[in-house]
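The next block holds one structure in the form of structure tokens; read it before the comments.
Whatever order the structure lists ligands and atoms in, that order sets their numbers, starting from 1.
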Amino acid sequence: MSTLAIDIGGTKLAAALIDPRQQIIDRRILPTPASRTPEALREALRSLIAPFAGQAQRVAVASTGIIRHGILTALNPDNLGGLAQFPLVDTLAQLTGLPCLAVNDAQAAAWAEYRALPGEVRDMAFITVSTGVGGGIISHGKLLTGRQGMAGHIGHTLADPHGPLCGCGRRGCVEAIASGRGISAQAVDALHGMTAKEIYALHQQGHPQATCLIERSAQTVARLIADLKAGYDCECVVLGGSVGLADGYLSLVAGYLAREPAAYHTHLVAAHHQHDAGLLGAAMLAEEDIL
Ligand code: ADP
Ligand code: BMX
Ligand code: ZN
């Protein structure tokens with residue numbers, strides 16, 4: 001069965017046609033609309049998937065937000081232009097006439113990345129450093145989603161009680177400091193208003209403020225990894241998202257993790273599927289009928 005996989009992030013929407021052997025045949029990307037109202041996202045999804053009409057037998061969605069009973073509820077609505085809720089499964093079932101499954105983006109990516117690891121690994125965490133900071137946890141070979149769909153939202157654990165206010169309502173979340181939006185929001189003076197991508201490029205040229213912001217992000221993610229190791233003894237952490245996969249970012253995180261006591265160290269690798277982990281994970285979860 002071919003799957004139309006869709007990845008809804010805070011910055012970009014991706015869709016791909018995935019064949020029964022989990023190979024991506026064709027892929028499209030559009031910017032995520034920044035609007036409080038569901039119509040804008042519905043229209044963007046309509047135009048994203050239009051070229052794939054009639055080519056798939058089911059839809060699998062990996063989306064930012066807490067996904068429960070097919071409905072997206074934003075934990076941090078700022079990441080979606082203020083959009084707090086969206087009926088994902090109903091909308092895509094209406095647009096395509098196909099059966100549809102939806103899961104959190106980082107949970108989906110965790111599953112694809114877990115499948116790409118050697119068989120002996122049973123406990124791993126996936127962290128995406130992207131618009132937000134998302135997470136997916138595999139424990140004893142099982143993906144944790146949680147009764148409320150909240151499992152893995154480790155971007156909203158506390159990094160600094162005096163840190164910036166997070167869009168989720170807490171102060172000092174990992175996400176408020178380390179994410180793409182967080183990096184951008186903390187920038188001042190000449191860097192004010194720049195995207196994380198632009199700030200990252202300046203960091204690579206040695207700009208002091210840019211480097212300070214990127215290093216703080218990497219240090220915050222390293223501490224999160226140490227906390228995860230303490231929390232459930234994960235054997236491996238996989239890093240994804242456009243900030244997480246940016247050239248040199250993983251080495252920075254690894255450097256900060258190495259400064260923690262040895263008991264907190266864990267194997268750290270870049271996402272095998274790179275930016276496609278969410279798309280592939282959603283398709284695999286649909287194929288394996290796991291959720
Ligand atoms: P999404 O959150 O929609 O899944 P991404 O994983 O692309 O999307 O993450 C978007 C964030 O990553 C934005 O804050 C953007 O500025 C930042 N970003 C995109 N490309 C890069 C890059 N090459 N280097 C560093 N940051 C990047
Ligand atoms: C936020 C949260 C998570 C998501 C993570 C990464 C919302 C809308 N999203 O913590 O559900 O997994 O961001 O999302 O509350 P991304 O957009 O960066 O991929
Ligand atoms: Zn938060």
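Here the side chain of Gln186 pairs no donor or acceptor atom with the backbone of Ala178 at under 3.5 angstrom. At distances below 3.5 Å, at least one donor-acceptor pair connects side-chain atoms of Arg171 with backbone N or O atoms of Gly163. Side-chain atoms of Gln57 do not come within 3.5 Å of backbone N or O of Met1 as any donor-acceptor pair. Of the possible polar contacts, none joining the Asp105 side chain to the Ala62 backbone as a donor-acceptor pair under 3.5 Å is found. Listed for the Gln219 side chain is no donor-acceptor partner under 3.5 Å among the backbone atoms of Val253. The backbone N or O of Gly10 lies less than 3.5 Å from no partner atom in the side chain of Asn79, so there is not a single donor-acceptor pair. The backbone N or O of Leu257 sits nowhere less than 3.5 Å from a side-chain atom of Glu260 that would complete a donor-acceptor pair. Counting only distance, with no hydrogens or angles, the side chain of His153 and the backbone of Met150 share a donor-acceptor pair below 3.5 Å. For Arg28 (side chain) and Leu48 (main-chain N/O), a donor-acceptor pair under 3.5 Å exists by modelled atom type.
The option from Gly134, Ala14, Ser130 that lies nearest to atom 11 (C) of ligand 1, judged by heavy atoms, is Ser130. Within the set Ser63, Cys173, Ala74, Gly134, the minimum heavy-atom distance to atom 5 (C) of ligand 2 is found for Gly134.
Remark: ligand 1 atoms within the under-4.0 Å shell around heavy atoms of Gly241 are 6 (O). With ligand atoms numbered from 1 in the order given, ligand 1 contributes 14 (O) to contacts under 4.0 Å with heavy atoms of Gly180. Listed by atom number, the atoms of ligand 2 under 4.0 Å from Gly9 heavy atoms are 17 (O). Close contacts of ligand 1 with Ala246, meaning ligand atoms under 4.0 Å from a residue heavy atom, involve 24 (N), 25 (C). Ligand 1 places these atoms under 4.0 Å from at least one heavy atom of Thr195: 16 (O).
The shortest N or O to N or O distance between Leu75 and ligand 2 is under 3.5 Å. The N/O atoms of Thr73, backbone and side chain alike, include none that comes under 3.5 Å of an N/O atom in ligand 2. Considering backbone and side-chain atoms together, Gly135 places no N or O closer than 3.5 Å to any N or O of ligand 2. Polar contact with ligand 2: present for Gly132 (N/O pair, distance under 3.5 Å). Considering backbone and side-chain atoms together, Gly132 places no N or O closer than 3.5 Å to any N or O of ligand 1. For Thr32, no nitrogen or oxygen atom sits less than 3.5 Å from a nitrogen or oxygen atom of ligand 1, counting backbone and side chain alike. Residue contacts with ligand 2: Gly65 is placed with a nitrogen or oxygen under 3.5 Å of a nitrogen or oxygen of the ligand (distance criterion only). Residue Tyr200 places no N or O, backbone or side chain, under 3.5 Å from any N or O of ligand 1.
With a 4.0 Å cut-off on non-hydrogen atoms, Asp105 touches ligand 2 through its side chain and not its backbone. Of all the heavy atoms of Leu72, none lies under 4.0 Å from any atom of ligand 2, so neither backbone nor side chain is involved.
Taking a 4.0 Å cut-off on heavy atoms, His156 registers as neighbouring ligand 2.
If you check which protein heavy atom lies closest to atom 18 (O) of ligand 2, you get Ser130 OG, 2.6 Å. Taking atom 8 (O) of ligand 1 as the reference point, the nearest protein heavy-atom neighbour is Lys12 NZ, 3.4 Å. Counting only heavy atoms of the protein, atom 4 (C) of ligand 2 lies nearest to Thr64 OG1, 3.4 Å. Remark: minimum distance from atom 1 (P) of ligand 1 to any protein heavy atom is reached at Thr131 OG1, 3.5 Å. The closest protein non-hydrogen atom to atom 10 (O) of ligand 2 is Glu175 OE1, 2.5 Å. Remark: minimum distance from atom 15 (C) of ligand 1 to any protein heavy atom is reached at Lys197 N, 4.1 Å. At the shortest separation from atom 18 (N) of ligand 1 among protein heavy atoms lies Ser242 CB, 3.6 Å. With hydrogens left out, the protein atom closest to atom 17 (O) of ligand 2 is Gly10 N, 2.8 Å, a heavy atom. Taking atom 10 (C) of ligand 1 as the reference point, the nearest protein heavy-atom neighbour is Thr11 OG1, 3.4 Å.
Residues Ala125 and Cys234 share a closest heavy-atom pair of N-CB, 4.5 Å. Heavy-atom minimum distance, Ile154 versus Ile127: CD1-CG1, 3.9 Å.
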> Going through the checks in order, is the salt bridge (charged side-chain N to carboxylate O under 4.0 Å, His left out) test met by Arg170 and Glu175?
Replying inline: CA-CA 10 Å; Arg170 293 188 87 188; Glu175 178 160 301; over 6 Å; no

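Residues Thr11 and Thr131 bring a donor and an acceptor atom of their side chains to less than 3.5 Å of each other. No donor-acceptor contact under 3.5 angstrom links the side chains of Thr195 and Tyr200, judged on distance only.
The angle that Cys173 SG and His156 ND1 make at the Zn ion (ligand 3), rounded to 10°, works out to 120°.
More than 12 heavy atoms of other residues, nucleotides or ligands shown are found within 6.0 angstrom of OH on Tyr256.
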